[in-house]
Amino acid sequence: MKSLLYIFLPCKQIYPVGCTYLADYVHKRRPEVRQRILDLSQIPPGERSKAIRETAENVRPDLVCFSWRDIQIFSPHEGDASLEQAFNFYYSPNPFKKLAASLSGLKSLYQYYAGIRTNLAHVWLIRKICPDARIMIGGGAFGAFAEQLIEKLPEGTIGILGEGEEAVLKMVEGRPLDGERFIARENGKTITGAGQSYTKLDDLAVDLPYIASVFPQHTAYRDDCIGVQSKRGCPYDCAFCLYPYLEGKSVRYRPAALVVQDIAQHYRQWGTRRFWFTDAQFITGKAAYPQCTEIMERIIAERLEIEWSGYIRTSLITSELATLMVRSGVGDLEVAITSGSQEVLNSLHMGFMLDRLYDGCRYLAEAGFRGKVILNYSLNAPDETEATLRDSIESYKRVAAILGEDRVFPMMFFLGIQPHTDLE
Ligand code: SF4
């Protein structure tokens with residue numbers, strides 16, 4: 001194959017780090033292949049089909065890889081009022097509020113299904129304008145609902161579950177996808193490929209000037225937050241979570257030197273100051289301490305004045321790690337406490353003790369942490385009772401007493417039931 005087009009399907013504006021890693025991986029092994037990344041989130045909805053058409057005509061791709069990141073909209077993040085509407089619909093004593101909430105709920109449902117239909121239509125559009133191109137699709141949203149989505153995509157589309165570097169390279173080189181984890185439709189039947197090849201992360205060092213050349217829209221992210229991956233996989237077993245299914249349970253580490261080199265080149269070449277570790281967990285366990293420590297020590301040694309964050313198991317933060325976190329520029333944190341009841345946490349197989357989480361908060365406070373902490377609670381766990389909900393209120397008070405009430409913000413979530421999780 002000679003040319004490859006990546007299309008990042010629209011979601012909230014977020015740096016398409018997965019596409020950049022794929023493009024970099026292919027470029028290092030097949031430098032003769034022309035590549036291009038198209039980020040639809042940056043294009044107004046009414047102009048996306050035109051952008052796909054123009055880019056495809058320009059690139060004339062032999063392979064088009066779609067990345068579908070988000071599919072859930074029912075979250076209370078960033079002003080999304082769907083949870084509030086649900087509360088009003090079920091519990092408000094005011095009939096007008098109930099009516100308004102039900103209309104808003106219908107609108108949310110319409111937007112949800114329309115969004116899925118639109119994304120599927122983008123794939124069909126490529127099938128129409130590039131009839132000879134092969135099509136692949138991956139990303140978290142696709143991985144979660146692969147069996148349902150593959151039936152709605154053009155026959156021959158290859159869906160990738162989990163990481164896709166090797167699978168994409170095999171397609172480019174015309175090799176069979178043996179040993180890859182994929183799903184496809186052939187002659188009206190769904191076929192799946194067993195196995196999973198894990199990409200070696202030892203030499204994952206992004207060639208940033210190359211990425212800038214194949215991703216002209218990157219300029220929109222220079223002053224924003226850039227995603228950096230330091231490891232893949234999560235060893236935990238939280239009942240509601242898809243990460244172990246998508247990324248695997250064995251943790252693969254990227255050398256700390258390459259992680260910080262990645263941050264440093266964005267810092268120096270693009271002027272980026274904010275970074276997000278895209279790992280399922282930045283501190284996956286005690287085995288990750290040496291790598292996390294080295295990453296933070298290198299950020300400090302290189303005098304990179306950045307603000308960073310990521311998903312962090314607060315229960316694993318030690319006094320030494322907290323000091324390094326603060327010195328290396330940790331910013332606001334989201335702490336997935338989930339519940340203030342140890343019994344509920346155990347029933348969800350969360351794998352941490354609340355007392356250790358409070359210890360982690362204490363170490364952060366002692367280290368001089370001044371950021372905000374969003375405490376995420378999921379109030380609909382199967383074993384929640386009124387008493388456990390009261391425990392959650394108490395847990396907020398404990399964390400607020402440690403870190404300061406003005407900096408701790410409780411956020412309510414509801415656990416979604418997703419395929420391939422224990423809650424299904
Ligand atoms: S620790 Fe986080 S990423 Fe890992 S399984 Fe639990 S919720 Fe998922």
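As a basis for the values below, the full set of heavy atoms in this structure was taken, side chains included, without hydrogen atoms, waters or symmetry mates. Counting starts at 1 for both ligands and their atoms, in listed order.
- Counted by atom type alone, Thr272 and Arg222 present zero donor-acceptor pairs between their side chains at under 3.5 Å.
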Expected list for residues 114-122: side-chain donor-acceptor pairs under 3.5 angstrom, two or more places apart:
| from | atom 1 | to | atom 2 | distance (Å) |
| --- | --- | --- | --- | --- |
| Thr118 | OG1 | Ala114 | O | 2.7 |

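- Phe145 has its ring centre no less than 6.0 Å from the ring centre of Trp68.
- The aromatic rings of Tyr15 and Phe215 lie tilted to each other, with the angle between the two planes from 30° to 60°.
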With side chain to side chain contact (heavy atoms under 4.5 Å, CB included) as the test, would you mind laying out the steps for Phe413 and Leu415 before giving the verdict?
-> CA-CA 6 Å; Phe413 277 87; Leu415 298 177; over 6 Å; no
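- Taking the six-membered ring for Trp and thresholds of 30 and 60 degrees, Phe282 and Trp308 have ring planes inclined between 30 and 60 degrees apart.
- Set against the non-hydrogen atoms of Arg313, the atoms of ligand 1 under 4.0 Å away are 1 (S).
- For atom 4 (Fe) of ligand 1, the neighbouring protein N/O/S atoms at less than 2.8 Å, given as residue and atom, are Cys234 SG.
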